[in-house]
Amino acid sequence: MRSRFTFLFRRKLKLQIITTSLTGGLVAGYIFSKYKPIVRAEADISVKVGERISTLPTYSMTEVAKHTTAEKGYWLAYKDGVYDITSYVENHPGGKMVLRSAGKALEACWKIFTMHDMDHVYEILEEYRIGNLPPGEREVNQREQEKITDLFQYDPERLNIKENFFVRSKRPFNAETKPSVLVSSFITPVEQFFVRNHMHVPFVNINEYKLEIGNGKSTHSLSFDDLTEKYQSHTITSTLACSGNRRGAMNNDEQGTIRGAPWYVGAIGNARWTGVRLRDVLQSLGLDKEGKYVQFYGLDCETPKRCYGGSIPIEKALSDDVLIAYEMNNESLTRDHGYPLRIIVPGSIGARSVKWVNRIVVSDKESDSPWQIFDYKLLPTSVKQPQKSDYDAAPAIQDLNVNSAICYPSSTEDGNKVKILSVQPNHNDIKNKKLTIKGYALSGGGKQIQNVQVSLDHGKTWLQAELEQLAEPHMRAWAWTLWTYHIPFDDLPSKPFDIICRATDTNANSQPESPVGIWNVLGHMNNAWHKITLQIDEKCLKKGS
């Protein structure tokens, strides 16, 4: 059956985009038959976008439905308006990739449009207006709107957002921890832990929840109680970091703008995770001696067949510390962090620690999820407009690289935008006549941080920072290192000056001086020296003299 689709908008605190038509209704109906109750959307449109323009031609919804391919173009209908968004899709960062991986134009257009802050969607859409719907079809579309559920309205309540986070997108919700908050404690409190969501947060009925584990031939089903009662618990302290952390610093005029959320230094956090070893579960089910990969799929789905997923090599899956986790910092997982179960793959990029996991598959192949075969890959610096062959040639990112960042002093503003930070030393600094500098460092694959160095002269000389880290077994150092350096007031320049940090791990891996050589269009794995520029308040310095 030919897919018929259109976009409808409504306003409820923030503008949102939702799909309609028979296909859209069935998709939403399927999803929320699992995540009850069903709530019907309201129509309350107060903008002029989509109103009839008498000078434009008329196109029926049948005609709109024919334009769902690259050859025929991509059309959408909203209210009385018809829109040709082909050029938008082709030129949008990541647009072609999403279309290839989505499989259906409906899913692709949903994905591409929801990359935006919904407050700007109206303005964007009207630029692509080509015509009107026939009289009467607008009313049909509005009646279809009653079948659509806004998935994001079930997202959890989030407290103290402005105090703790820089919000990178509202729908889906993505927020990084502010730098000074980040290094205020070795264990990051749950309410201050960064949030990385690719879609809406699923609403899970724990009484109906099942974790399916299999190999493509047979499948075992475990309830939440089965998992927590039948297997021994295990706790690790591990840092989770998005591979796009520090992405914002990769942009430059020569190489171009990178794609993805412009994270500063806060898409990272350190927590205690409690759960059961994945190895124990696989062994108990006889699934530990077959396959090359273990695939994970979550309940955060765009469509019934397109859910977030990823995979790791079987050797990693059978190691000591990969968890099916149900607690974070000795409390049940929150909804933003994967309730009721999530995978924790320590030492690897956060994308592999799949949240809301409900399906685990042992296979000879990697996951075919777009987030495994497209999104989280390190493409060569020369690639500016990725093609499918570029992704096919690049392996999926697994382990984190060595990295560090300066988090204090910091601004309450987005660090990507702060050129010179005006600093007033705190009371203890004035008393000790030293300016305190703090940050974090980490490495991937279980490697421990050996040292962190600070430079005040653009890397000519380096000074050793004090380290706070756990004593962990060899190649099982999963937690970050916090570091501190105190600069004597007498060594502080009167003019703005740079502070640079770099870290080295126990395998002698260190950070490159500049992101130029590691630039990649998707903005992953930026681990160049981190630099901030300070201007010290001279009045405060005089108090310490």
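As the structure is a computational prediction, the values presented were derived from the model and not from experiment. Heavy atoms only: backbone and side chains are in, while hydrogens, waters and symmetry mates are out.
At least one donor-acceptor pair closer than 3.5 Å links the side chain of Arg335 to the backbone N or O of Pro202. Of the possible donor and acceptor atoms, none in the side chain of Arg306 sits under 3.5 Å from a partner among the backbone N and O of Pro370. Side chain of Gln511 to main chain of Ala528: a donor-acceptor pair is present (N/O by atom type, distance under 3.5 Å, no hydrogens or angles). Under a 3.5 Å cut-off, the side chain of Gln372 and the backbone N or O of Ser311 do form a donor-acceptor pair. In this structure, Gln450 contributes its side chain and Asn509 its backbone to no donor-acceptor pair below 3.5 Å. Within the 3.5 Å criterion, the main-chain N or O of Thr461 finds a donor-acceptor partner in the side chain of Ser455. Lys434 places no side-chain N or O within 3.5 Å of a backbone atom of His486 that could act as its donor or acceptor partner. Checking side-chain atoms of Asn252 against main-chain N and O of Met250 turns up a donor-acceptor pair under 3.5 Å. Side-chain N or O atoms of Asp390 include one that pairs as donor or acceptor with a backbone N or O of Gln387 at under 3.5 Å. No donor-acceptor pair closer than 3.5 Å links the side chain of His530 to the backbone N or O of Asn403.
Taking the six-membered ring where the residue is Trp, Phe203 and Tyr154 present tilted rings, their angle falling between 30° and 60°. Classified by interplanar angle (parallel below 30°, tilted 30° to 60°, perpendicular above 60°), the ring pair Trp462/Trp529 is perpendicular.
Of the inter-residue distances, the one linking Lys162 atom NZ with Asn164 atom CG reads 13.0 Å to the nearest 0.5 angstrom. In this structure, CG on Asp491 lies 11.0 Å from CG on Asp457, to the nearest 0.5 angstrom. Separating the CZ atom in Phe194 from the SG atom in Cys242 is a distance of 6.0 Å, to the nearest 0.5 Å. Between the CZ atom in Arg352 and the CD1 atom in Ile343 there is a gap of 13.0 Å [rounded to 0.5 Å].
Taking the side chain as every heavy atom from C-beta outward, Thr334 and Tyr339 never approach each other to under 4.5 Å. Between Val281 and His220, every side-chain heavy-atom pair lies at or beyond the 4.5 Å cut-off. Counting heavy atoms from C-beta on, the side chains of Leu492 and Leu456 never come closer than 4.5 Å. For the pair Asp155/His200, a side-chain contact is recorded, criterion being any heavy-atom separation below 4.5 Å from C-beta on. By the 4.5 Å heavy-atom criterion applied to side chains, Glu315 and Lys292 are not counted as neighbours. Put simply, the side chain of Leu522 does not reach to within 4.5 Å of the side chain of Tyr376, judged on heavy atoms. No side-chain heavy atom of Phe165 sits under 4.5 Å from any side-chain heavy atom of Arg158. With contacts defined as side-chain heavy-atom distances shorter than 4.5 Å, the pair Thr533/Lys419 does not qualify.
Summarising the geometry of Arg259 relative to Gln385, their closest heavy-atom pair is NH2-OE1, 3.3 Å, with the distance given to 0.1 Å. Pro512 approaches Ile518 most closely through the heavy-atom pair CG-CD1, 4.0 Å. The shortest non-hydrogen separation linking Ser369 to Cys307 is OG-O, 4.2 Å. The two residues Leu378 and Asn520 make their nearest non-hydrogen contact at CD1-ND2, 3.4 Å. Between Lys316 and Ser348, the closest heavy-atom pair is CE-OG, 4.0 Å. Lys355 and His337 get closest at one heavy-atom pair: CD-C, 3.7 Å.
The salt bridge (charged side-chain N to carboxylate O under 4.0 Å, His left out) contacts involving residues 172-195 comprise Arg168-Glu176, where partners must be two or more places apart or lie in separate chains.
Residue-environment remark: NZ (Lys447) exceeds the threshold of 12 foreign heavy atoms within 6.0 Å. More than 12 heavy-atom neighbours from other residues, nucleotides or ligands sit within 6.0 angstrom of CZ on Arg476. Enclosure of atom CD in Gln464 by more than 12 non-hydrogen atoms of other residues, nucleotides or ligands within 6.0 angstrom is indicated. Within 6.0 Å of atom NZ in Lys230, 12 or fewer heavy atoms from other residues, nucleotides or ligands are found, so the atom counts as exposed in its surroundings. For NZ of Lys210, the number of neighbouring non-hydrogen atoms (other residues, nucleotides, ligands) closer than 6.0 Å is greater than 12.
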In a table with atom names and distances, give each donor-acceptor pair under 3.5 Å that connects a side chain of residues 261-270 to protein atoms at least two apart or in another chain.
| unit_1 | atom_1 | unit_2 | atom_2 | d |
| --- | --- | --- | --- | --- |
| Asn270 | OD1 | Thr239 | N | 3.3 |
| Asn270 | OD1 | Thr239 | OG1 | 2.8 |
| Asn270 | ND2 | Phe186 | O | 3.0 |

task: Would you sort out whether Lys384 and Val521 count as a side-chain contact (heavy atoms from CB on, under 4.5 Å), showing the intermediate values?
output: CA-CA 6 Å; Lys384 303 297 177 68; Val521 70; 5.6 Å; no
task: Could you please spell out the steps behind the side chain to side chain donor-acceptor pair (under 3.5 Å) verdict for Asn215 and Glu290?
output: CA-CA 9 Å; Asn215 58 6; Glu290 57 181 274; 2.9 Å; yes
query: So Phe173 and Val201, side-chain contact (heavy atoms from CB on, under 4.5 Å) or not? Walk me through it.
result: CA-CA 9 Å; Phe173 185 75; Val201 176; over 6 Å; no
task: Could you go through the side-chain contact (heavy atoms from CB on, under 4.5 Å) check for Asp300 and Asn197 one step at a time?
output: CA-CA 9 Å; Asp300 45 336; Asn197 292 333; over 6 Å; no
task: With side-chain contact (heavy atoms from CB on, under 4.5 Å) as the test, would you mind laying out the steps for Phe224 and Leu211 before giving the verdict?
output: CA-CA 7 Å; Phe224 181 83; Leu211 175 62; over 6 Å; no
task: Run the numbers on Asp320 and Arg277 for salt bridge (Lys or Arg N to Asp or Glu O under 4.0 Å), then give the verdict.
output: CA-CA 7 Å; Asp320 291 332; Arg277 288 185 173 93; 5.0 Å; no
Step-by-step side chain to side chain donor-acceptor pair (under 3.5 Å) determination, Tyr326 to Thr228: CA-CA 8 Å; Tyr326 46 79; Thr228 57; over 6 Å; no
- prompt: Yes or no on side chain to side chain donor-acceptor pair (under 3.5 Å) for Arg272 and Asn329, after CA distance, side-chain angles and deciding distance?
  reply: CA-CA 5 Å; Arg272 292 190 186 93; Asn329 293 347; 5.3 Å; no
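Using modelled atom types, one finds no donor on one side chain facing an acceptor on the other under 3.5 Å when comparing Ser319 with Asp321. For the residue pair Ser389 and Asp392, no side-chain donor N or O sits within less than 3.5 Å of a side-chain acceptor on the partner.
Listed by chain and residue number, Thr235 satisfy the side chain to side chain donor-acceptor pair (under 3.5 Å) test with Thr274 (two or more places apart in sequence, or in another chain).
Screening Ile449, Thr188, Val183, Thr237 for a side-chain contact (heavy atoms from CB on, under 4.5 Å) with Trp480, the sole residue that qualifies is Thr188. Ser367 pairs in a side-chain hydrogen bond (donor to acceptor under 3.5 Å, both in side chains) with only one of the listed residues (Tyr297, Tyr293, Tyr308), which is Tyr297.
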